[in-house]
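See below for the structure under consideration.
Just so you know, ligand 1 is whichever comes first in the structure, and atom 1 is the first atom listed for that ligand.
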Amino acid sequence: MNKTTKFADIILPLPLARLFTYSIPEELKADLAIGKRVVVPFGSKKFYTGIVKNIHNTAPADYSTKDIITCLDESPIINSFQFNFWEWISQYYQCTLGDVFKAALPSGLKLESQTKITANEDFQTLEALSKTEEQILNVLKHSKDVNISALNQATGLKNTLPQVKSLLEKGAVSIEEQIINHYKEKKKEFVRLASDFSESEMGDLINDLKRAKKQQEILLSYLNLSKHYFEENALKVSVPELLKSTAASKSVLKSLVEKSILEIYHEKLDRIDLSHAETSGLKELNEYQEKAIAEIRENFEEKNCVLLHGVTSSGKTEIYIHLIQEQLQLGKQVLYLLPEIALTTQIINRLRTVFGNKVGIYHSKFNDAERVEIYNNINQNNPDTAYQVILGVRSSIFLPFKNLGLIIVDEEHENTYKQFDPAPRYHARDASIYLAHLHQAKTLLGTATPAIETYYNAKTGKYGLVELFQRHQNLEMPEIIIADVKEAKRKKQMKSMFSPELMQMMETCLKNKEQIILFQNRRGYSPYLECKSCGWVPHCPNCAVSLTYHRFNNQLVCHYCAHSIHPPTSCEHCSSTEIEDKGFGTEKIEEELTGFFPDARIARMDLDTTRKKMAYEKLIYKFENQELDILVGTQMVSKGLDFDNVSLVGVLNADSMLNYPDFRAYERSFQMMAQVSGRAGRKKKRGKVLIQTYTPEHPIIKNVIENDYISMYSDQLAERKEFIYPPFYRLINICLKHKNQTLVNQASETLAKSLRKIFGIRVFGPQSPVINRIQNLYIVNILLKIEKKSSPSKAKWILNQHANHLKSMDQFKSIQINFDVDPM
Ligand code: ADP
Ligand code: ZN
Ligand code: ZN
């Protein structure tokens with residue numbers, strides 16, 4: 001870094017629109033670089049970890065700068081691709097760079113306001129400390145994990161930050177150590193002999209130490225612990241273990257190291273298994289796959305993004321594997337995105353058998369430390385140990401890739417690719433296309449049921465389109481059977497949630513020792529409780545939703561804010577004690593099945609049963625190994641899982657999806673049912689799918705029966721055009737929140753009115769969503785629909801101006817406003 005540069009612009013993990021300029025103290029000038037993390041003071045009491053974005057000589061005009069406290073990295077952890085990508089995300093999705101920063105880094109690499117300060121044990125008072133500094137140091141010596149506000153409290157001082165800074169400079173305390181401790185690299189210190197001493201040489205050495213008793217003791221203890229002269233391979237002895245055995249200090253050990261008798265070495269205990277896995281070659285592609293892959297390559301000549309529209313079980317994954325192989329041979333990185341953690345479990349095995357330890361996984365079920373390790377692995381990009389293929393969920397787009405060649409977005413239609421809350425409200429598929437563009441890489445979108453927007457882009461030539469309608473080994477598409485629930489109810493043939501057709505088919509399956517998957521889009525036992533005499537339903541006190549009953553822990557739970565209570569024993573309105581549970585969640589279905597089929601082995605896969613780290617793996621493994629007969633689950637079971645012995649898939653309630661108040665409800669229902677059908681009968685035998693519905697005549701149900709994506713697409717496209725929706729229009733949702741309903745209504749009226757002056761009839765609302773209160777905040781939405789051809793950045797700029805103007809009005813300054821670009 002240039003000696004004369006004085007300032008650095010820092011991205012802070014805060015939802016503030018600007019960067020903050022700090023001055024660079026002399027001693028940090030050599031260390032500082034763009035992309036490194038620094039600790040900076042913010043406000044009077046807080047420290048934050050920020051990222052150096054720019055380094056320059058221009059002092060800010062409107063404030064005097066504070067000093068950067070310390071630099072945390074030896075080399076940058078954010079590269080220029082990432083900066084460009086962050087910039088794009090923040091502009092496109094209308095959020096701050098700070099929001100992106102928060103989403104992009106694993107929390108182990110961040111330091112929020114709870115900065116911990118510790119006294120350095122080996123600090124010797126070389127420089128005079130002031131009285132207050134001494135006082136602070138004293139507090140720190142006697143307590144652990146202190147942050148600035150705790151320190152203020154303990155010392156009774158208003159602001160201890162200046163003293164802490166001074167202590168830091170004097171080497172008396174450390175902040176950074178704690179920060180790194182946030183992510184403790186599992187690195188341990190061990191001791192061994194410095195050279196291969198023979199037994200008699202060792203005897204002499206011990207003798208020589210007779211006047212340094214402590215050192216002698218340590219050496220003897222080492223020999224004792226390691227069994228050096230007794231065992232073929234000496235045992236490992238860690239430094240703490242050795243010191244503990246003799247009650248000696250580390251300086252005594254250091255003397256032995258200086259005399260070249262012992263040496264200290266470090267061993268990193270990798271949490272991620274990098275051991276070499278057995279790999280096997282690629283599967284040979286069948287003729288249809290060969291044709292498809294050739295078309296993909298051809299399309300990539302001209303287009304940066306290609307849609308592979310291939311029916312379930314057509315072998316899309318095999319095609320991906322071949323394309324990945326090509327990229328690896330070119331020395332390029334590949335990002336393979338999946339919509340759901342559950343799916344990574346199966347795909348990882350398929351990838352590892354081909355690419356061994358070149359494949360890494362990244363998702364939220366990993367703990368902090370593991371995520372940091374993967375992040376660092378990719379950032380260091382060491383040719384011998386770096387992952388070249390990353391399999392991950394949406395947040396993996398933020399990893400520090402340096403030379404991506406290909407991004408695969410599998411099941412591209414899935415809405416889990418969209419982040420809903422908090423900002424950045426990005427869509428990982430759409431963002432991937434930009435990310436690939438930055439690396440001059442290609443994007444391959446794969447699915448059996450493309451999103452309407454994606455298929456439209458492919459049909460109109462923006463993306464390449466490759467279609468694959470042949471299942472591998474010409475496996476037949478499953479037979480789809482519709483059960484009319486209304487009719488069965490009228491005839492009183494329903495057994496709880498199960499139609500006679502479903503009951504009969506399940507029996508046959510179980511008799512034939514075949515497996516069953518049942519799909520129900522509600523978790524918990526029953527969606528709500530209801531008083532039998534007056535109809536009262538227990539609601540969440542914080543949100544406008546009924547509480548879901550969970551039987552396993554006998555709790556009523558809010559699925560929006562996690563508020564939970566014991567179920568009431570009597571009605572709050574009429575005191576009746578007759579309260580019944582209504583509707584069916586996965587938990588209740590599991591229970592009822594156990595009643596009907598006491599011999600069947602039944603399990604449930606939903607959010608509640610998969611919270612633990614290896615829960616998915618265990619469930620999927622058991623089901624694959626046919627240790628289970630029936631798997632009941634939420635949408636988790638519908639997405640791309642591949643089981644050999646499933647002959648029946650049941651959709652318990654198609655109507656709840658079809659009736660969902662959203663312009664994508666039909667599209668989603670089709671995708672869901674078509675995907676779920678893809679789970680049936682993957683090998684040898686034709687599978688069956690049973691769909692229970694009140695509306696067997698529904699056009700979407702018809703499309704599903706006929707496996708007719710194209711008709712569904714054309715119908716939907718016509719509706720989208722008529723009702724001004726994507727792909728013809730771009731949507732931006734403006735969401736206003738406040739705990740005062742009247743205020744939020746006034747604010748949204750005011751904002752809508754001012755927006756109408758510019759955007760006219762493109763402004764819809766304000767409107768309350770179905771669930772109009774979450775966590776005590778009332779919600780009102782304004783929807784903006786703008787023509788695809790007009791400039792979105794201009795519209796966004798105007799939106800920001802108007803929102804800021806609203807916030808500048810005194811009565812509305814506490815209103816929360818956020819934007820959701822391309823809401824799902
Ligand atoms: P998709 O991803 O399109 O649903 P998969 O790639 O999962 O399809 O393929 C379905 C099944 O067929 C998998 O078990 C896969 O191993 C197998 N398969 C597909 N193509 C081939 C091939 N060329 N050779 C051998 N097995 C294949
Ligand atoms: Zn009642
Ligand atoms: Zn709630």
Side-chain angles (χ1 to χ4, degrees), residues 280-293 308-324 336 338-339 343 346-347 349-351 353-354 408-412 444-449 466-475 477-478 528-548 555-565 568-580 624 638-646 674-684 687 771-777 779:
S280 65
L282 281 74
K283 289 191 175 115
E284 212 173 294
L285 295 181
N286 66 40
E287 57 175 308
Y288 308 101
Q289 292 165 343
E290 279 296 356
K291 188 164 167 281
I293 203 170
L308 172 59
H309 176 208
V311 293
T312 51
S313 278
S314 55
K316 294 185 290 298
T317 316
E318 298 303 326
I319 293 178
Y320 303 153
I321 290 172
H322 281 250
L323 293 169
I324 294 170
Y336 186 147
L338 286 167
L343 283 183
Q346 281 198 325
I347 302 287
N349 293 332
R350 286 172 74 176
L351 295 182
T353 53
V354 183
I408 295 163
V409 185
D410 197 13
E411 314 290 356
E412 66 81 27
L444 180 64
L445 312 178
T447 176
T449 53
V466 175
E467 305 203 88
L468 179 57
F469 294 124
Q470 209 71 36
R471 289 182 132 192
H472 181 60
Q473 291 180 331
N474 296 324
L475 192 79
M477 291 306 279
Y528 60 104
L529 299 185
E530 192 181 85
C531 167
K532 254 186 153 168
S533 47
C534 78
W536 171 76
V537 173
H539 273 72
C540 176
N542 313 318
C543 313
V545 289
S546 55
L547 294 167
T548 302
Q555 289 282 314
L556 274 175
V557 182
C558 172
H559 286 178
Y560 287 82
C561 73
H563 175 84
S564 90
I565 53 167
T569 46
S570 61
C571 171
E572 270 184 22
H573 276 188
C574 72
S575 305
S576 158
T577 51
E578 279 194 285
I579 294 178
E580 57 180 355
E624 270 175 350
S638 74
K639 298 176 186 175
L641 291 170
D642 175 11
F643 300 111
D644 287 347
N645 191 44
V646 175
Q675 288 289 341
V676 142
S677 309
R679 308 308 125 223
R682 306 267 297 196
K683 288 216 174 118
K684 289 171 235 140
I771 296 162
N772 72 342
R773 187 170 55 108
I774 293 177
Q775 297 192 351
N776 281 321
L777 295 175
I779 305 167

For Glu284, the ligand 1 atoms whose distance to one of its heavy atoms is below 4.0 Å: 22 (C), 23 (N), 24 (N)
Ring geometry between Tyr336 and Tyr320 (parallel below 30°, tilted from 30 to 60°, perpendicular above 60°): perpendicular
Nitrogen or oxygen atoms of Thr317 and ligand 1 under 3.5 Å apart: yes
CG on Asp410 to CG on Leu445, rounded to 0.5 Å: 10.0 Å
Location of contacts on Glu318 toward ligand 1, heavy atoms closer than 4.0 Å: both
Heavy atom of Val311, distance to ligand 1 below 4.0 Å: yes
Arg350 contact mode with ligand 1 (heavy-atom cut-off under 4.0 Å): side chain
Glu284, CD: over 12 other non-hydrogen atoms inside 6.0 angstrom: no
4.0 Å heavy-atom contact, Gly310 with ligand 1: no
Nearest option to atom 25 (C) of ligand 1, as decided by whichever heavy atom of Arg471, His322, Lys283 sits closest: Lys283
For ligand 1, the portion of His472 having any non-hydrogen atom under 4.0 Å away: side chain
Side-chain (Arg773) to main-chain (Val545) donor-acceptor, under 3.5 angstrom: no
Identified side-chain contact (heavy atoms from CB on, under 4.5 Å) counterpart of Cys571 within the set Cys531, Pro538, Ser533: Cys531
Leu285, any N or O under 3.5 Å of ligand 1 N or O: no
Protein N/O/S atoms closer than 2.8 Å to the Zn ion (ligand 2): Cys531 SG, Cys534 SG, Cys571 SG, Cys574 SG
In the protein, N/O/S atoms that are found under 2.8 Å from the Zn ion (ligand 3), waters not counted: Cys540 SG, Cys543 SG, Cys558 SG, Cys561 SG
